[in-house]
Amino acid sequence: MIILILVTLLEIIYFINMDNYSYYPHTIIEEDRNYLVTATYPKTNTKLDNDIEKFIIDEINRFKNNIINSKYLLERNELNIDYDYFYFNDRYISLVLKISNYNGKTKINNYSIVSCLYDKDKNVYLDILDLFYDLDKLFINIKKEFKDKENISIDSLDKTYIGLIDNKLVVYYISDNIYYINLGIDNNFKLNIVKSTKEEYEEIRNTANVLDPSKPTIAITFDDGPSRYTEDIINTLEKYNCNATFFVLGNKVSAYQELLKKSIKNGNEIGNHTYNHKWLSRLSKNEIIEQINRTQNILKDTVNYTPTLLRPSYGSVNDRIRKNTNLDIVLWTIDTKDWKIHNVDRIVELAIRNIEDGDIILMHDTYKRTDEALKKLIPILLDKGYQIVTVSELEEIKLIRSKL
Ligand code: ZN
């Protein structure tokens with residue numbers, strides 16, 4: 001298959017003032033009969049966000065304008081934008097976005113890379129190559145690394161995109177595919193790079209709920225997070241002494257690790273919702289494994305937690321996915337449609353309308369309305385006599401009941 005490459009370069013100049021470097025990853029997810037869109041990008045609480053957001057929205061609109069109606073779900077076009085690298089220190093912000101645009105009819109995937117480097121002190125976007133004393137030496141190093149690692153000969157830096165991470169560079173090269181290498185930078189680099197220190201892992205103890213198999217039981221699940229609304233959702237659950245299962249995206253884990261630790265400590269369960277929300281059923285075996293394992297690994301490395309549950313993005317499951325994971329695949333029995341419905345009461349109504357013992361409710365901890373709906377939903381469910389537990393606890397209760 002020929003992979004067409006589309007290259008876009010983000011050229012932005014903005015004057016901004018950044019005192020606070022805190023950021024969080026933000027995700028836009030849209031699904032329609034004819035398309036699937038997932039875009040994840042960092043929000044930095046600065047004017048830089050306007051540029052990134054405008055770029056993302058333009059990409060999504062351009063994608064939608066090019067869509068041709070498809071007859072089958074398998075032919076749906078898919079746009080996936082994810083930040084491959086996002087790095088900042090006290091002076092620079094480096095962002096590399098990877099855009100994959102899948103045409104369902106022709107089965108061709110177009111990739112493109114967008115990168116930018118922002119200098120806080122000078123209030124400008126920089127060409128990363130301007131940061132080197134000796135460009136020739138840099139080029140020789142990059143060339144050698146691509147030859148050694150990927151067996152690719154590159155003849156200029158024109159087709160490269162560079163991101164800055166810790167004490168190294170990541171260099172993307174685009175030819176028939178996207179390749180990248182990591183390059184250590186030390187003396188030949190002009191910048192004073194602050195090396196990030198490895199965090200001490202915190203021992204997290206699960207505070208297990210007392211499960212009552214005789215009570216009607218339901219599980220509430222949240223997909224696509226964490227987000228800025230997750231903390232309030234965790235607090236609401238804590239207030240009512242309930243727990244839920246959060247199916248998280250791997251690319252959001254490290255930014256929210258403190259929140260995840262708190263969530264786990266409170267007794268909530270973390271499930272795997274893939275790394276960046278691609279539609280798994282048409283990925284290759286290796287791509288499926290990568291989507292799942294990258295998320296498992298980052299959760300293990302950052303919060304010392306190993307999920308046992310997988311909820312595939314968009315709820316799409318096939319035999320290839322089942323064959324390539326030993327995680328339990330969990331879908332849902334009640335869809336609150338909170339990703340589409342804006343009315344809080346309507347979301348609550350959809351959750352409780354047909355609810356029965358053993359149900360699994362689908363929500364998304366990425367919307368304020370979901371946060372508000374949960375505050376109404378939990379008291380109603382508790383009033384009806386339900387205990388609200390994680391998916392694994394629900395399974396445990398079903399197992400206990402089957403033995404009674
Ligand atoms: Zn999802």
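Counting convention: from 1, in listed order, for ligands and their atoms alike.
Inspection of the S254 and T302 side chains reveals no N or O donor paired with an N or O acceptor under 3.5 Å.
Ring centers of Y179 and Y173: at least 6.0 Å apart, outside the cut-off. Residues Y172 and Y180 bring their aromatic ring centres within 6.0 Å.
Screening residues 92-102 for salt bridge (Lys or Arg N to Asp or Glu O under 4.0 Å), with sequence neighbours left out, gives D84-K98.
Under the rule for a side chain to side chain contact (heavy atoms under 4.5 Å, CB included), the partners of I29 that lie at least two apart in sequence or sit in another chain are T27, T38, D224, H277, Y314. Applying the salt bridge (Lys or Arg N to Asp or Glu O under 4.0 Å) rule to R369 yields no partners; only residues at least two apart in sequence or on another chain are considered.
Neighbouring protein atoms of the Zn ion (ligand 1) (N, O or S, distance under 2.8 Å, waters ignored): D224 OD1, H273 NE2, H277 NE2.
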